[in-house]
Asker: 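The structure follows.
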There are 2 protein chains.
Amino acid sequence: MKRKITLKQIAKELDVSISTVSKALRNSAEISEDTKQKVQAFAKLYNYRPNNIALSLKNRKTNTIGIIIPEIVHHFFSKVIQGVETVANKRGYNVIIGLSNESFSKEVINMEMLANGSIDGFILSISKETLLMQDYHHFNETMSQGMPIVMFDRVANEIQCDKVIVDDFKSAKKAVTKLIENGCKSIAIITTKDYINVGRLRTQGYLEALENNKMPLTSSLILKIDDSLDMEHNLAALENEIEQLFKDNKTIDGVFAVNELYALSAMKVARKLNIKIPEDLQVIGFTDGVLSKHSTPSLTTVSQHGKLMGEKAAELLIDKLEDQTETEEETFSTVVIETELVERETTI
Amino acid sequence: MKRKITLKQIAKELDVSISTVSKALRNSAEISEDTKQKVQAFAKLYNYRPNNIALSLKNRKTNTIGIIIPEIVHHFFSKVIQGVETVANKRGYNVIIGLSNESFSKEVINMEMLANGSIDGFILSISKETLLMQDYHHFNETMSQGMPIVMFDRVANEIQCDKVIVDDFKSAKKAVTKLIENGCKSIAIITTKDYINVGRLRTQGYLEALENNKMPLTSSLILKIDDSLDMEHNLAALENEIEQLFKDNKTIDGVFAVNELYALSAMKVARKLNIKIPEDLQVIGFTDGVLSKHSTPSLTTVSQHGKLMGEKAAELLIDKLEDQTETEEETFSTVVIETELVERETTI
DNA sequence: TTTTAACACGAAAACGTTTTCGGTGGTTTG
DNA sequence: CAAACCACCGAAAACGTTTTCGTGTTAAAA
């Protein structure tokens, strides 16, 4: 087992100084052609690669991006990571991940862990618990230490930083309007509690769409799910709630769900109640994942373009990291990614 | 913007030496109670945290695990990452990810990138292209430099390292046997080309199950898909092939598919051809993902326990990293994770 | 009073780089 | 022949730690 070779060892072998080796390898004009050749040949032979850690320490720059997400087994977040990874690699950065599991404390711990020199900046989506508690001190602290943050999707308006979001309000409005245009007269929404801001915004979009089209707002048609617990493991409860919704409102002919799972559950319940999709009931979901594409019937959804969000977030972060200008007034931008209504089989 | 505080700054402020500060913070007996109190209070006030990079350089240990996977937008791999992350964090390690996108060169580049000091060891699943080319020099090189590797799922038998796999052969056999017990007389398999070893093994399991039950082996019932291209974006081609299979073999009453997507495509084609599931056709897939759970009818699958694989892989790697004993003969273990046949609605 | 030991602390090396600043020795110039 | 110059190379500092070893001070023992 041969350890990785260092400058020092090369210097010793060739009987020159460490500085000479370093310069020779970087093709400095200070070094004669002869020595350069000699050193470079030797380095190539022993497959020399500079040690990243030493470089990081010297340069006070790790060329690594930290990404903190609530969970990874989730199509949207996977897509975002994919996007981040793509541009990060292209621009010479690595990606290190931390999972908060929707927990405030894990989010804090993970950030502290990475902030101590391991990374140059963060890309993150806020955990549910943090949103609920509205405790954002850790974000401010990291930023005050000169470590930039880019938030995506689940952001906090109170925090001044770069953000990448979709226009949840407009997108929801567009989706519901689509249902109205398709002839739906009684449209229900299955959404989250209001502390999840994306859920709240989507609900508002729903309301505005109804209002703009002079349709009545019926509070019993608004089902707010408490998903503080992991719904993946609580499907039965979810389906019961939805079934009750359908039974209480027999006229429902359209459903807008703020995520894939809610939409699929609605479809499942509808099937159970012998409601035909899309003839008797049209459904639109949010977040374009694998489920929508492969469900039967395949689900019409508002696609968020997760990969694009990741790419954009990475661009923003790296731009900031590599921006040399020492301006006093820091400026932050919020990029809005356009959503797309992907029409499949659950709408006419 | 205040930079992170260092030992040197604390030392300067308190008018003691750097060594004293370091020792005081680590509660060394060399330092008087007075100075300890003073230093610790000051450090707490300024929220001192040791710089990870400096520690890594000093200790020649990064406490970071590198994980290289072919793609991340994939339920199984996400699960594995989740597993790795869980035990890594528990044992004080970070996780850094690299995506090969099923490409040999990206796999090599990514590994070289990380191997230069950024991480202590690898957990990886081999890319399709690498498997096809059978060029494993980069694995041997990294290991010869003292960096341990743990492979999972898609492994190379030629390489001596720790491995975490499922018994693809046995699992496939079990699944097909199940179909036979359920009364299927003509069972087709939808699998990959043989260079993907997991595909090959599953095919062998299929064959053995038939043989053991004295059932005829019909070559036309074996459909080997060339998925060198990304099938997610080539669904139509896949479905055509499957449709042809059904049309050529009208007697088919059972399908074993080596992954979720193949299984779902088979179900889709069956629906198109008005074949009832599970009455006329029973289907079993491999890899327990979200699709299986939420499809209609929900798919009976062989679950691989991705998270468990990740956990096990991380345990193996960290154990090796922290094993102090300087044994000459290195020993490698291969852990086989038991699969589980999750029976849902596509089987009787 | 002198020797010894305990105590408290600091200097310096090491991890692997890059870079600045000074040297050599030789050659050209006035 | 001295001065200036150039081409080439090395010493050392710096990044932020930890740790070994040495040293000075003080109190206890001889």
Side-chain angles (χ1 to χ4, degrees), chain A residues 2-40 42-43 46-64 113 115-120 145-147, chain B residues 2-40 42-43 46-64 113 115-120 145-147:
Chain A
K2 43 170 195 202
R3 276 224 152 281
K4 293 223 66 158
I5 196 169
T6 69
L7 286 186
K8 193 194 273 195
Q9 295 171 44
I10 300 183
K12 196 171 181 183
E13 289 295 324
L14 297 183
D15 210 44
V16 290
S17 78
I18 297 181
S19 350
T20 304
V21 178
S22 176
K23 289 173 194 164
L25 290 178
R26 329 194 89 239
N27 245 317
S28 159
E30 283 186 56
I31 308 296
S32 70
E33 278 306 321
D34 275 11
T35 0
K36 274 197 226 174
Q37 298 257 334
K38 199 173 55 175
V39 172
Q40 286 174 4
F42 191 89
Y46 282 89
N47 198 28
Y48 169 80
R49 295 274 181 283
N51 180 305
N52 284 330
I53 295 292
L55 285 180
S56 297
L57 184 59
K58 176 109 188 62
N59 302 331
R60 282 138 141 226
K61 176 130 174 39
T62 61
N63 273 273
T64 303
M113 185 111 185
N116 296 323
S118 300
I119 62 163
D120 295 335
Q145 287 171 355
M147 179 157 308
Chain B
K2 46 174 192 201
R3 275 224 154 277
K4 293 223 66 159
I5 196 168
T6 70
L7 287 186
K8 192 194 273 195
Q9 294 170 44
I10 301 184
K12 196 172 181 183
E13 290 294 325
L14 297 183
D15 211 42
V16 291
S17 77
I18 297 181
S19 349
T20 304
V21 178
S22 176
K23 288 173 193 164
L25 290 177
R26 329 194 89 239
N27 245 316
S28 159
E30 280 187 60
I31 307 297
S32 71
E33 278 306 320
D34 275 9
T35 356
K36 274 196 226 173
Q37 298 257 334
K38 200 173 56 176
V39 172
Q40 287 173 5
F42 192 90
Y46 282 90
N47 198 28
Y48 170 79
R49 295 275 181 283
N51 181 305
N52 284 330
I53 295 291
L55 285 180
S56 297
L57 183 59
K58 176 110 189 60
N59 302 331
R60 280 138 140 222
K61 175 130 175 41
T62 61
N63 274 273
T64 303
M113 186 112 186
N116 296 322
S118 301
I119 62 161
D120 295 334
Q145 288 171 354
M147 179 156 308

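Lettering follows sequence order; numbering is per chain, from 1. Note that the coordinates shown come from a computational prediction; the quantities given were computed from them, not determined experimentally.
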Asker: Starting from P on D:dG10, measure out to CD1 on A:I10 and report it in whole angstrom.
Answerer: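 My rounded result for the distance is 14 Å.
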Asker: Taking the side chain as every heavy atom from C-beta outward, state whether B:R49 and B:K4 have any atom pair closer than 4.5 Å.
Answerer: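 Yes. Closest side-chain heavy atoms under 4.5 Å.
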Asker: Between D:dT17, C:dA11, C:dT19, spot the one nearest the side chain of B:S17, thanks.
Answerer: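 Per side-chain heavy atoms of B:S17, the pick is C:dA11.
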Asker: Find the distance A:I31:CD1 to D:dG10:P and express it as a whole number of Å.
Answerer: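 It works out to 8 Å between those atoms.
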Asker: With a 3.5 Å cut-off and heavy atoms only, can you find an N or O donor on one side and an acceptor on the other between the side chain of B:E30 and the base of C:dC9?
Answerer: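 Answer is yes: a donor-acceptor pair is held.
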Asker: So if I take every side-chain heavy atom of B:N51 and compare against D:dT17, C:dC21, C:dG16, which nucleotide ends up nearest?
Answerer: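 Out of D:dT17, C:dC21, C:dG16, the nucleotide with an atom closest to B:N51's side chain is D:dT17.
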Asker: What nucleotide, of C:dG10, D:dT17, D:dG10, holds the atom closest to the side chain of A:V16?
Answerer: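 The listed nucleotide nearest to A:V16's side chain is D:dG10.
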Asker: I want to check one thing: is the phosphate of C:dG16, taken as OP1 and OP2, less than 4.0 Å away from some side-chain N or O of A:Y48?
Answerer: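 Checking C:dG16 against A:Y48, no side-chain N or O comes under 4.0 Å of OP1 or OP2.
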Asker: Check the distance between D:dA14's P and B:L57's CG and give it to me in whole angstrom.
Answerer: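 It is 17 Å, rounded to the nearest whole Å.
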Asker: Take atom NZ of A:K61 and atom P of D:dG16, then tell me their distance rounded to the nearest Å.
Answerer: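 Atom NZ in A:K61 sits about 16 Å away from atom P in D:dG16.
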Asker: Taking the side chain of A:L55 as heavy atoms from C-beta outward, which of C:dC9, C:dT18, D:dC9 is closest to it?
Answerer: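 Nucleotide nearest to A:L55's side chain: C:dT18.
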Asker: Find the distance B:I53:CD1 to C:dA14:P and express it as a whole number of Å.
Answerer: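 Distance check: B:I53 CD1 to C:dA14 P gives 22 Å.
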Asker: Give a yes or no on this: more than 12 heavy atoms of other residues, nucleotides or ligands lie within 6.0 Å of atom NZ of B:K12.
Answerer: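 Not more than 12 within 6.0 Å, no.
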Asker: Just call it for A:S32: base, sugar-phosphate, or nothing, with non-hydrogen atoms closer than 4.0 Å on any strand.
Answerer: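 Contact class for A:S32: sugar-phosphate only.
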Asker: Looking at every strand, decide which applies to B:S22 at a 4.0 Å heavy-atom threshold: base, sugar-phosphate, or nothing.
Answerer: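 If one applies the 4.0 Å heavy-atom cut-off, B:S22 turns out to touch a base.
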Asker: Within this structure, what is the CG-to-C1' distance between B:N59 and D:dT17, rounded to whole angstrom?
Answerer: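 To the nearest whole Å, that distance equals 8 Å.
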Asker: Would you say CG of B:N27 has more than 12 non-hydrogen atoms from neighbouring residues, nucleotides or ligands within 6.0 angstrom?
Answerer: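 Yes, CG of B:N27 has more than 12 neighbouring heavy atoms, counting only those of other groups under 6.0 Å.
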Asker: Rounded to whole Å, how long is the line connecting atom CD1 of A:I18 with atom C1' of D:dA12?
Answerer: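 The answer, rounded to whole Å, is 11 Å.
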Asker: Closest to the A:A54 side chain: C:dT19, C:dG16, D:dT18?
Answerer: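 Given the options C:dT19, C:dG16, D:dT18, the side chain of A:A54 is closest to C:dG16.
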Asker: Between C:dT17, D:dC9, D:dG16, spot the one nearest the side chain of A:T35, thanks.
Answerer: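 The nucleotide sitting nearest to the side chain is D:dC9.
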Asker: Ignoring the backbone of B:T6, work out which of D:dG10, C:dG16, D:dG16 is nearest its side chain.
Answerer: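 The answer is D:dG16, which lies nearest to the side chain.
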Asker: Any side-chain N or O of B:R26 under 4.0 Å from OP1/OP2 of D:dT19?
Answerer: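 The answer is yes; a side-chain N or O of B:R26 sits under 4.0 Å from OP1 or OP2.
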Asker: Assess the side chains of A:S22 and A:S19: does a donor N or O sit below 3.5 Å from an acceptor N or O?
Answerer: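 Distance-only check fails for A:S22 and A:S19.
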Asker: Taking for each residue the nucleotide of DNA chain C with the nearest heavy atom, is it A:R49 or B:E33 whose nucleotide lies nearer the 5' end?
Answerer: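 Closer to the 5' end of DNA chain C: B:E33.
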Asker: Considering only heavy atoms and no angle criterion, is a donor-acceptor pair shorter than 3.5 Å present between the side chain of B:K58 and the base of C:dG16?
Answerer: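 For B:K58, whose side chain was compared with the base of C:dG16, there is no donor-acceptor pair (under 3.5 Å).
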Asker: Of all the choices, C:dT20, D:dC15, D:dT17, which nucleotide is nearest to the side chain of B:K8 once you look at every atom?
Answerer: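 Nearest to the side-chain atoms of B:K8, counting from C-beta on, is D:dC15.
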Asker: Under 4.0 Å between a side-chain N or O of B:R60 and OP1 or OP2 of C:dA14?
Answerer: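 For C:dA14, OP1/OP2 do not have a side-chain N/O of B:R60 under 4.0 Å.
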Asker: For a 4.5 angstrom cut-off between non-hydrogen side-chain atoms, does B:I10 reach B:Y46?
Answerer: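 No - every pair of side-chain heavy atoms lies 4.5 Å or more apart.
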Asker: How close or far is atom C1' of D:dC9 from atom CG of A:L7, stated in whole angstroms?
Answerer: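 Rounding to the nearest Å, CG of A:L7 and C1' of D:dC9 are 16 Å apart.
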Asker: Donor-acceptor pair under 3.5 Å: do we get one between B:K4's side chain and the base of D:dG16?
Answerer: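 In this structure, the two groups form no donor-acceptor pair.
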Asker: Counting N and O atoms only, with roles assigned by atom type, does the side chain of A:D120 sit under 3.5 Å from a partner on the main chain of A:N63, one being a donor and the other an acceptor?
Answerer: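 Yes.
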